[in-house]
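Hydrogens, waters and symmetry mates play no part in the numbers below; they use all other heavy atoms, side chains included. Order of appearance sets the numbers: ligands from 1, and atoms from 1 within every ligand.
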Amino acid sequence: MLTINSNRLNSRLQAFAAIGETAKGGVNRQALTDGDRSARLMLAELAWARGFRVFQDPMANLFVWRNGLDEALPPLLIGSHLDSQPAGGRFDGALGTLSAFEVLESLEDAGTATERAVAVVSWTNEEGCRFSPGCMGSTAFSEGVIPGTWQEKLATDGAGFAEELALTLASLPEAVMLPLGFPVHAYLEVHIEQGPSLEAAGIPIGVVKGIQGTRWLDVTVTGQTAHAGTTGLAWRRDPLHALTAALSSLYGTVMPEDPDARFTIGRIMAEPGSVNAIPEVVRCTVDMRHPDPGRLDEIEELARLRIGREAERQGCSVQISRSFDMPPCAFSERLQQVIADAAAACKVESVSMLSGAFHDALFVNRVAPAGMIFVPCRDGLSHNEAEHVEPSDVITGCEVLAQATVSLLGSRI
Ligand code: HGY
Ligand code: MN
Ligand code: MN
């Protein structure tokens with residue numbers, strides 16, 4: 001068994017939680033911001049201090065590399081992401097990245113030579129909340145190209161993607177550049193469940209069998225701005241009246257009629273946004289999730305139908321585009337067994353489960369066997385500043401990662 005240093009891991013989590021810390025004890029370290037760049041720099045400096053090599057690729061995916069005896073062999077990748085939601089928690093992403101770094105340090109402490117390299121990865125923009133879509137870094141890595149359409153993307157705060165990416169790459173000049181995408185032996189990611197089932201079952205480890213599908217829409221409804229006091233109903237072309245009527249009927253249908261469906265409006269804006277003027281344009285985002293891609297199609301079709309119908313009723317026009325489409329995935333059976341065996345070797349109970357949240361592992365799974373290890377979070381709460389993981393669960397997750405890493409290093413997949 002590889003021994004990890006639990007105090008070191010918990011102190012690392014605290015140190016990273018201070019980067020972008022919010023008044024409510026959460027984290028706002030959105031992708032490609034100064035906070036993200038500071039966290040990447042801190043990880044690189046910790047790596048250099050241990051004699052590890054530090055690489056980045058054109059998407060600013062960050063790799064901390066511990067050499068193997070045979071550098072011709074594809075590395076084992078372990079990691080997650082360091083970017084956060086605007087009102088995020090201290091563990092979403094950071095737990096997996098820092099648990100992976102702890103495994104690398106523990107291998108170094110033990111003086112364990114490994115046949116192949118083990119590299120920690122921190123993927124760029126997993127969250128997709130500042131720049132959509134999510135999982136930009138792992139998508140580009142798995143496809144070997146940065147989609148041209150991303151270059152002119154603007155952040156929710158107006159910053160340009162190309163500029164912010166260039167700034168991020170330039171913020172680590174000593175990191176050696178790697179091409180986008182390279183052969184990988186296997187990939188493992190520790191992550192909080194971000195849901196209630198592990199905690200409710202009192203089981204410390206989830207062996208993730210797959211990830212449900214995710215689809216995002218950008219909706220724009222355009223009417224006519226006019227005086228709030230003098231414009232009677234018959235003269236109004238009010239896009240917010242149309243959108244709220246459509247959304248209210250969708251909230252009343254999608255999830256109540258299908259317990260596996262998820263339907264979320266995370267962002268809605270009215271322009272010009274004046275208290276006494278009927279809005280001209282209303283924009284909102286739609287996040288749809290389902291394990292069955294056919295049902296995702298049906299939910300999207302229903303949304304388009306109802307928004308279109310209500311907009312027509314109010315004399316408004318509609319534009320709806322997809323900004324993210326992530327079909328469901330199933331993880332490698334072999335890796336699921338490796339993780340279950342690692343949990344057993346650590347003498348902890350584990351359970352097989354589907355992930356409601358998307359993760360970088362979904363994209364890495366397209367180019368290498370990937371697996372995920374879930375740990376419970378309090379009340380299943382995540383994408384919330386109150387996100388919390390018990391220190392004992394932090395340690396258990398890292399111990400299972402360490403054990404799975406060791407067994408993968410000695411195995412053929
Ligand atoms: O939205 C998600 O599922 C991921 O947690 N970013
Ligand atoms: Mn995450
Ligand atoms: Mn997240």
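In terms of protein heavy-atom proximity, atom 1 (O) of ligand 1 is closest to R289 NH2, 2.9 Å. Of all protein heavy atoms, the one lying nearest to atom 5 (O) of ligand 1 is H383 NE2, 3.3 Å. Distance from atom 6 (N) of ligand 1 to its nearest protein heavy atom, with residue and atom name: E127 OE1, 3.0 Å.
At a heavy-atom cutoff of 4.0 Å, ligand 1 is contacted by no atom of H359, backbone or side chain.
The nearest N/O/S atom of D92 to the Mn ion (ligand 2) is OD1.
With a cut-off of 2.8 Å, the Mn ion (ligand 3) has no N, O or S atom of H81 in range. Contact annotation: E126 places no N, O or S atom under 2.8 Å from the Mn ion (ligand 3).
Looking at heavy atoms from C-beta onward, W48 lies out of side-chain contact with R53 at the 4.5 angstrom threshold.
Interatomic distance, M59 CE to L165 CG, rounded to the nearest 0.5 Å: 6.0 Å.
Relative orientation of the F324 and F363 rings is parallel, given thresholds of 30° and 60° on the angle between their planes.
Where the criterion is an N or O separation shorter than 3.5 Å, residue side chain and backbone included, E126 meets it with respect to ligand 1. Geometrically, ligand 1 and A357 share no nitrogen or oxygen pair separated by less than 3.5 Å.
Between the OE2 atom of E127 and the NE2 atom of H383, the angle taken at the Mn ion (ligand 3) works out to 120° after rounding to 10°.
Comment: E71 does not engage R116 in a salt bridge, judged by the lack of any side-chain N to carboxylate O separation of less than 4.0 angstrom.
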